[in-house]
Asker: 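There's a structure below that I have some questions on.
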Amino acid sequence: MTFPIERPRRLRQSPAMRRLVAETRLHPAGLVLPVFVREGLDQPHPISSLPGVVQHSRASLIDAAREAYLLGLGGVMVFGVPNSRDAVGSGASDPDGILNVAIADLKGAFGDDLIVMADLCLDEFTDHGHCGVLAANGAVDNDATLDRYAEMAISLAHAGADIVGTSGMMDGQVGHVRTALDDVGCTDVAILAYAAKYASALYGPFREAVDSQLRGDRRAYQQDVANRREASREVRLDIEEGADMVMVKPAGAYLDILREVADVSDVPVAAYQVSGEYAMIEAAAERGWIDRDRAITESVTGIHRAGADIVLTYWAAEIARWISEGSL
Ligand code: PBG
């Protein structure tokens, strides 16, 4: 009988030992809470496919942001849900549009204490639901869209956004937005580039959350699920164009991409655990098929371990609460 010389189990024998040797740790500062604010609400409205997540009123958004601040979260990512839409998504760049007023509310309430990120995309504001404006043939017109993104970026910056998240997957969007911001003196507004964003089925519940008008899909501008090398190209271009941070989205099914991006990026790397990832765990847990809290922790820890410095997750506040209570 020979005995093992190396015994990895020694370091797993108790919770305290495992805690000591954990290679990755979740911290509230690395978690960002995506939030929805809907025009005209006087109280929060539930989103059936995202149990526990709501469309906020302007007032309840402030309460959620206060909680995010008190929990020490890295920030909030704000999505606006307007009452009316048009072909060019005018509401996105209207200073009185719901996203811009909500950002101004948050900045007025929290100033520099809370990082406010804003989704820089037209899809919530267009009556066709696409992320850009359409050409005569119905395709999304890349370069015409860039000008709308520039206008939107400036209004988000003037409303007070610290970071704009370019999520539309138009070619050249980061460079175009950077130039537009710099030209009006908004050099301090950072760009979080949704650099590798895939055409995913996992955005399903989000479409309900923002009352999306989309018919069809986004495969002509978001990345093909099959491709890995293409993600490196997108990340390289976004960094060259001036991205301050890059993101991989969705997260859980793209951990290989995330690892690869983290290995080469010299800017912070974020990952977005999207609505479908949230909904799948919530739904299975509701049926008693998995242990909800452990599945949540495992999914987010896995994303962090794969290379994300920053994780956007609808569970951000709940996880931060577990951390502060010492249960994680
Ligand atoms: C685009 C945008 C989407 C999401 C974040 N930003 C939808 C899409 O690309 O179709 C999805 C996020 C999620 O599913 O949680 N504005």
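For this chain, numbers begin at 1 and follow the sequence in order. When a ligand or atom number is given, it counts from 1 through the structure's own listing order. Computed from a predicted structure; not experimentally measured.
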Asker: Quick one: does V37's side chain get under 4.5 Å of V81's, heavy atoms only?
Answerer: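 A side-chain contact is absent here, since even the closest heavy-atom pair is not under 4.5 Å.
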Asker: Decide whether the shortest distance between a heavy atom of M169 and an atom of ligand 1 is less than 4.0 Å.
Answerer: no
Asker: Which residue supplies the protein heavy atom nearest to atom 14 (O) of ligand 1, what is that atom called, and how far is it?
Answerer: S275 OG, 2.7 Å
Asker: Kindly compute the distance separating OG (S155) from CG (D94), expressed to the nearest 0.5 Å.
Answerer: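 The CG atom of D94 is 8.0 Å from OG of S155, to the nearest 0.5 Å.
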Asker: What orientation do Y278 and Y314 show, parallel under 30°, tilted 30 to 60°, or perpendicular over 60°?
Answerer: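 The rings of Y278 and Y314 stand perpendicular, inter-plane angle above 60°.
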Asker: For ligand 1, does V274 get within less than 4.0 Å through its side chain, its backbone, both, or neither, judged by non-hydrogen atoms?
Answerer: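 For V274, backbone and side-chain atoms both sit under 4.0 Å from ligand 1.
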Asker: If you measure from each heavy atom of Q273 to ligand 1, is any distance below 4.0 Å?
Answerer: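 No, Q273 has no heavy atom closer than 4.0 Å to ligand 1.
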Asker: Do K197 and Y221 form a cation-pi contact, if we require the NZ or CZ to be under 6.0 Å from the six-membered ring centre and within 45 degrees of the ring's axis?
Answerer: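 No, cation not above the ring by the 6.0 Å, 45° rule.
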Asker: Quick test: of every protein heavy atom, which one is nearest to atom 8 (C) of ligand 1, and how far off is it to 0.1 Å?
Answerer: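 Scanning the protein heavy atoms, the shortest distance from atom 8 (C) of ligand 1 goes to R218 NE, 3.4 Å.
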Asker: Going by the angle between their ring planes, with limits at 30° and 60°, are Y198 and Y254 parallel, tilted or perpendicular?
Answerer: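 Parallel, since the angle between the ring planes stays under 30°.
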Asker: Counting from 1, what ligand 1 atoms have a heavy atom of Y272 closer than 4.0 Å?
Answerer: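 Per the distance check, 12 (C), 15 (O).
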Asker: Which bit of Y278 gets closer than 4.0 Å to ligand 1, counting heavy atoms only: side chain, backbone, both or neither?
Answerer: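 None of Y278 does.
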Asker: Just by distance, with hydrogens left out, do S93 and R148 show a side-chain donor and acceptor under 3.5 Å apart?
Answerer: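 R148 and S93 do have a side-chain donor-acceptor pair below 3.5 Å.
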Asker: I need the E318 CD to I296 CD1 distance, nearest 0.5 Å.
Answerer: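 Answer rounded to 0.5 Å: 5.0 Å.
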Asker: Show which atoms of ligand 1 fall inside a sub-4.0 Å distance from at least one heavy-atom site of R207.
Answerer: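 Atoms satisfying the 4.0 Å criterion: 8 (C), 10 (O).
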Asker: Give me the residue, atom name and distance of the protein heavy atom closest to atom 12 (C) of ligand 1.
Answerer: F206 CD1, 3.3 Å
Asker: Quick one: CD on E124 to CG on L99, what's the gap to the nearest 0.5 Å?
Answerer: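 Here the interatomic distance stands at 8.0 Å.
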Asker: Would you check if E67 and R321 make a side-chain contact, meaning some heavy-atom pair closer than 4.5 Å?
Answerer: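 Yes, side chains in contact.
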Asker: With the threshold set at under 4.0 angstrom, would you say E124 reaches ligand 1 through any of its heavy atoms?
Answerer: yes
Asker: Specify the protein heavy atom at minimum distance from atom 15 (O) of ligand 1: its residue, its atom name, and the distance to 0.1 Å.
Answerer: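 I find the closest protein heavy atom is Y314 OH, 2.6 Å.
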Asker: Taking D113 first and then R66, would you say they form a salt bridge - that is, a charged N and a carboxylate O separated by under 4.0 Å?
Answerer: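 Salt bridge: no.
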Asker: To check your reading of the model: name the closest protein heavy atom to atom 2 (C) of ligand 1, its residue, and the distance in Å.
Answerer: K197 NZ, 3.2 Å
Asker: Within a distance under 4.0 Å of any heavy atom of D123, pick out the atoms of ligand 1 and give their elements.
Answerer: 1 (C), 16 (N)
Asker: Quick one: does K249 get an N or O within less than 3.5 Å of an N or O on ligand 1?
Answerer: yes
Asker: Look up atom CD in E208 and atom OG in S49, then write down how far apart they are to the nearest 0.5 Å.
Answerer: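 Rounded to the nearest 0.5 Å, the CD-OG separation comes to 3.5 Å.
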Asker: Should you measure from each heavy atom of F79, which atoms of ligand 1 turn up under 4.0 Å away?
Answerer: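 Near F79, the atoms of ligand 1 are 5 (C), 6 (N).
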Asker: With heavy-atom distances below 4.0 Å as the criterion, list the atoms of ligand 1 near Y203.
Answerer: 8 (C), 9 (O), 10 (O), 11 (C), 14 (O)
Asker: Measuring from non-hydrogen atoms of S167 to any atom of ligand 1, is the shortest distance under 4.0 Å?
Answerer: yes
